[in-house]
Amino acid sequence: MNVFEAIMQRRSHRGEYVDRPIDDTDLNRIIEAARWTPSPFNVQPWELLIIKESKGKDVLAIMTEKAIVQQFKDSQFLEDNSNWMSTDEREWKERGDGVLLTDHVTLPNMLQNAPKKLTGRFLKALLKSAKSLTILGHLGAGKMPANEIATQVREAPLLILITMNRDRKPPGEGANRWMWLSIGMLIQNILLAATSLGIGVQFVSAPLESETDRDNIRKHFNVPDNNEVMTLLRLGYMDTEKGDSVRLEKTEFVHYEEIS
Ligand SMILES: Cc1cc2nc3c(=O)[nH]c(=O)nc-3n(C[C@H](O)[C@H](O)[C@H](O)COP(=O)(O)O)c2cc1C
């Protein structure tokens, strides 16, 4: 697979994975791709924690579940979420940005079986009113998606926790920004290498949202204080077709200089 194919094939994989550990040869190739990431002054500020055992996965699964249940009770979070959430596929494709609600949450049976138009209207009304969602959150509506995603974390063939070593900071005022940029590049190298090996990747951000949770993760995995927890990735072999995604048109984000 060449680099353009890998870029176009890559998707955030939110479904199940094949029940098979990641081969060491494949893992080493992914690590090698990460190793060759560019960084300012070649400081290479990243550290990767490879999590294969159930003990570590369990800790992160429990934290994921708790964080999502909490998010469902947080009206600001829900309101911000709803701005980037489409309730039907056509609307999502027309927008060309954001995510599709049903890619993130499995709807209760009652809604799955209802006519699409009705479900769409109901969900849209629900999303428009973050307050009503918070009430639902307090009544336990977050438990199902939280449990679903936590189970995926627990059953993931492999998790990679990426941290940034602040001691490896480059000179200059912009040090932090440059380090963050290179961590982004490292993640993209991992995503593309994984795609080319038939391995899916999903970001699992929920347990990393709050500083308290990030601190707890550091303590749990003995990550030194000077290392900032950046990202958690869930990886596994896929046996499904690549998922759908959308993007803005080029004309919406590419600008050419205007000579006056
Ligand atoms: C920093 C970052 C955090 C993300 N967090 C999550 C996440 O917690 N859960 C998830 O399913 N996808 C997550 N995503 C994936 C985005 O939702 C996804 O890239 C976007 O919707 C486009 O879809 P695609 O990657 O399939 O093209 C994250 C992506 C980035 C770059």
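One-based numbering, in listed order, for ligands and for the atoms of each. The figures here come from the full heavy-atom set of this structure, side chains too, leaving out hydrogens, waters and symmetry mates.
- Annotation: side chain to side chain donor-acceptor pair (under 3.5 Å) contacts involving residues 172-186, sequence neighbours excluded, are absent.
- Lys52 contributes no side-chain N or O that, together with a main-chain N or O of Pro157, makes up a donor-acceptor pair within less than 3.5 Å.
- Ser245 OG, 3.1 Å is the protein heavy atom nearest to atom 23 (O) of ligand 1.
- Think of Val246 as one node in a network of Ile, Leu, Val, Met, Phe, Trp and Tyr side chains linked at under 4.5 Å; its network also takes in Trp92, Leu100.
- Atom 31 (C) of ligand 1 has its closest protein heavy atom at Phe203 CZ, 3.7 Å.
- The proximity of Arg247 to ligand 1, defined as any non-hydrogen pair under 4.0 Å, is limited to the side chain.
- Less than 4.0 angstrom separates some heavy atom of Val99 from each of these atoms of ligand 1: 17 (O), 21 (O).
- Residue, atom and distance of the protein heavy atom nearest to atom 12 (N) of ligand 1 are Arg14 NH2, 3.4 Å.
- Among protein heavy atoms, the minimum distance from atom 25 (O) of ligand 1 is reached at Ser12 OG, 2.7 Å.
- One N or O on the side chain of Lys57 and one on the backbone of Ala156 form a donor-acceptor pair closer than 3.5 Å.
- Side-chain atoms of Asn189 come within 3.5 Å of backbone N or O of Ala33 as a donor-acceptor pair.
- At a 4.0 Å cut-off, at least one heavy atom of Arg10 sits close enough to ligand 1 to count as contact.
- Below 4.0 Å from some heavy atom of Arg11 lie the following atoms of ligand 1, by number and element: 26 (O).
- Contacts between Ser205 and ligand 1 below 4.0 angstrom, taking non-hydrogen atoms only, involve backbone and side chain alike.
- A donor-acceptor contact shorter than 3.5 Å is absent between the side chain of Arg247 and the backbone of Gly96.
- Heavy-atom contacts from other residues, nucleotides or ligands closer than 6.0 Å to CE of Met1 number more than 12.
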